[in-house]
Amino acid sequence: MRLLVLALFAVSGGTYADSNILGFDADSSAAQKTLEAEFDGLIDAEKMDEWLRVMSTLPHHVGSPASKKNAEYIAELLTSWGYDTEIAAYEILLPMPKTREVELVAPTKFTASLTEDSLSEDPSTERREGLLPPYNAFSRDGEVEAELVFVNYGMPADYEVLERYGIDVTGKIAIAKYGRSWRGIKPKLAGEKGAIGTIIYSDPIDDGYGAGDVYPNGPFKHESGVQRGSVMDMPTYPGDVLTPGRGATEGARRLKRENAPTITKIPVLPISYRDALPLLRAMGGEVVPPEWRGGLPITYHLGPGPARVRMKAEFHWNMVTAYNVIARLEGSQYPDEWVIRGNHHDGWNHGASDPLSGQIAMLAEARAVAELARSGKRPTRTIIYAAWDAEEPGLIGSTEWVEHHADELNEHAIAYINTDGSSRGFLGIGGSHVLEQYLNEVADDVSDPRMDISLKERRRAFLEINGDPKMRSDAKSRDDLRISPLGSGSDYTPFLQHMGIASVNLGFGGEAADGSYHTLYDTYEHFTKFKDPGLVYGATLAKVAGRATLRLANAQRLPFDFRGLADNVVLYVSEIEELADTMRTQTERENEMIEKGSYAAALNPYKSFGPPTMKSPVPHFSFAPLKNALNRMHSAAAEFHAAVTTSNVSSAEINNLLYTSERLLTRDEGLDGRPWYKHHIYAPGFYTGYGVKTIPGVRESIEQREYEKVGTQIEIAAEVLDAVTERLEILTRKVSGESQ
Ligand SMILES: [Zn+2]
């Protein structure tokens, strides 16, 4: 228990001028830069290569012997470097495939192989001991037989198109392409629309021969490759399906499996494009709209039928143990303030890229930090390194640990820094916008390993050339590059969206193609040949994430800046206003045309594609409460910034008020209909899954045309912003008042 009233003043020489590292005065800024140069020198790509080889030898999904072995290997490394290391184990429900069958029964017969080929060019693919065959975790059990309907990517807009063709998926099996959404959305939506089964396949146009040379000649998807993955309803809650909101410890209260709301309502199986071809070829009905076409050598049809498929999915619903590795390095001055740095260690298969490419960067950082600590440069705050298990089936290891330790984390956690699979190219930065400025500084202080330019400026160049008009103009005129808001898809979700702990997600990408994701082909050979030869970007990731961790661990005053938050929320509010306006004019115009009958005149009379149904008009909403709250936050953020640039006051109390500010953006009751998600600025989309929805309460009630909810949601969003404003006013008083 720490006493917040005890303000430890640390008034030292110099002020926190803009030229220093954010949160450091002149002397400590210089010392930190020296420390970081030393840290860089300790990052060892050869060691990273060795760890990658060892841990990617065999498939290592949660519950497998290889996964447990990897956890022990990571724990041994961390212990040998001097960390206080424990393995935090949780008992979780994990379905393992028992029966998987997909069979075309009419008009012709074909049985899908549902197997990936071993390749002599890649010895890893011949080591299949413990390999999980392709499946989607958290599909329910079931055997169904029905006609196929092609649903494109299986997104809400795709069903609107089907409806206009007069096609109903009720009682049918939906066949959907992978991509454009979190895969779990596909069976969720198909089930809501009445389908009785879902088949998901990767179309070659997206990541197979339609995109480039396929493995082993190139990085793209082999014809037998199948993307495994979870279809748990993570936008409702992630983690163990039986223990929402509670740690899955041995004695924890558990739901009955039949009551677990995040298991799919209909059976799902993933297949390769080699297996999908005969099914799609046998389909009839209308030809798909041009933008729905894929890369297979057939004409794509919508169905329903005459292709008729029988599918059977059965699972062993086992309880397995997830092994998180948790390693602590106690801070020299503020042991009760924790900086948490994590990356998962479980894969679907050999998992060289996902997750080990990020895991080895984290280990390289941990080794370097320990080395520095041994030479007397121990960080002032506690650093916790976490290697999570069971991320793949649904962010389970991290979520259970966070739920289990919620009270301590609420009190002690300053921020969470995440990485996951990474490759090469441009630095991607997602995170809480209070950390935008600090992350820009970090990215500006690390050079690209291939070009003589900082990571920040390389990213700026990329955005100026490739961004949309808004990004291009921002990249030219805005000093700090915007960081992306976080949706979901990796272990930051429980920290940020359940707990309100400011979070960061870092990784390189954009230059290497990815057809190996969650397939047998995500191997050491594939990764080091196509994604990050020499692990040069991996070593750079360690420098970026390591700096990010060390700056939070050593800053005198935590580098939270609220101008970035205000400025980005302004952008989100204007996006939402624009969304409502566009929907309103579009709906008005469409309704008018449908009513007059002129909409039908624009359509091809030889097709069954009809006009949309009339929608209820979109009302005008008052965004005034939100905009007023935003104005208040904007000024408070500017005043706080002015105060911190002229004052060098810092104290444990001020730091506590700073890092707990992100908690103010959450509410205990959570989002409407999904109480586990408590953050009111960032959430994964209910119907997109990975994709972020900013100010989700407001945005989603408009998108889902639930207009009666919008007013209340605007009020709630205004309230959470006002809470931050109030906090900033207190902080400004503390920082300036106490300096006199
Ligand atoms: Zn991953």
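Along the sequence shown, residues carry numbers from 1. As the structure lists them, so they are numbered: ligands from 1, and atoms in each ligand from 1. Just so you know, these numbers come straight off a predicted model, no measurement behind them.
- Of the N and O atoms on the side chains of Thr321 and Glu91, at least one donor lies less than 3.5 Å from an acceptor on the other residue.
- The ring of Tyr201 has its center no closer than 6.0 angstrom to the ring center of Tyr273.
- Ring centroid separation for the pair Tyr521 and His222 comes in under the 6.0 Å cut-off.
- In summary, the aromatic rings of Tyr492 and Tyr416 are positioned with their centroids too far apart to meet the 6.0 Å limit.
- Residue Thr57 comes nearest to His350 through the heavy atom pair O-CD2, 3.4 Å, listed as atom of the first residue, atom of the second, then distance.
- Taking a cut-off of 2.8 Å, the protein N, O or S atoms nearer than that to the Zn ion (ligand 1) are His344 NE2, Asp354 OD1, Asp420 OD1, Asp420 OD2.
- Counting heavy atoms from C-beta on, the side chains of Met48 and Gln359 never come closer than 4.5 Å.
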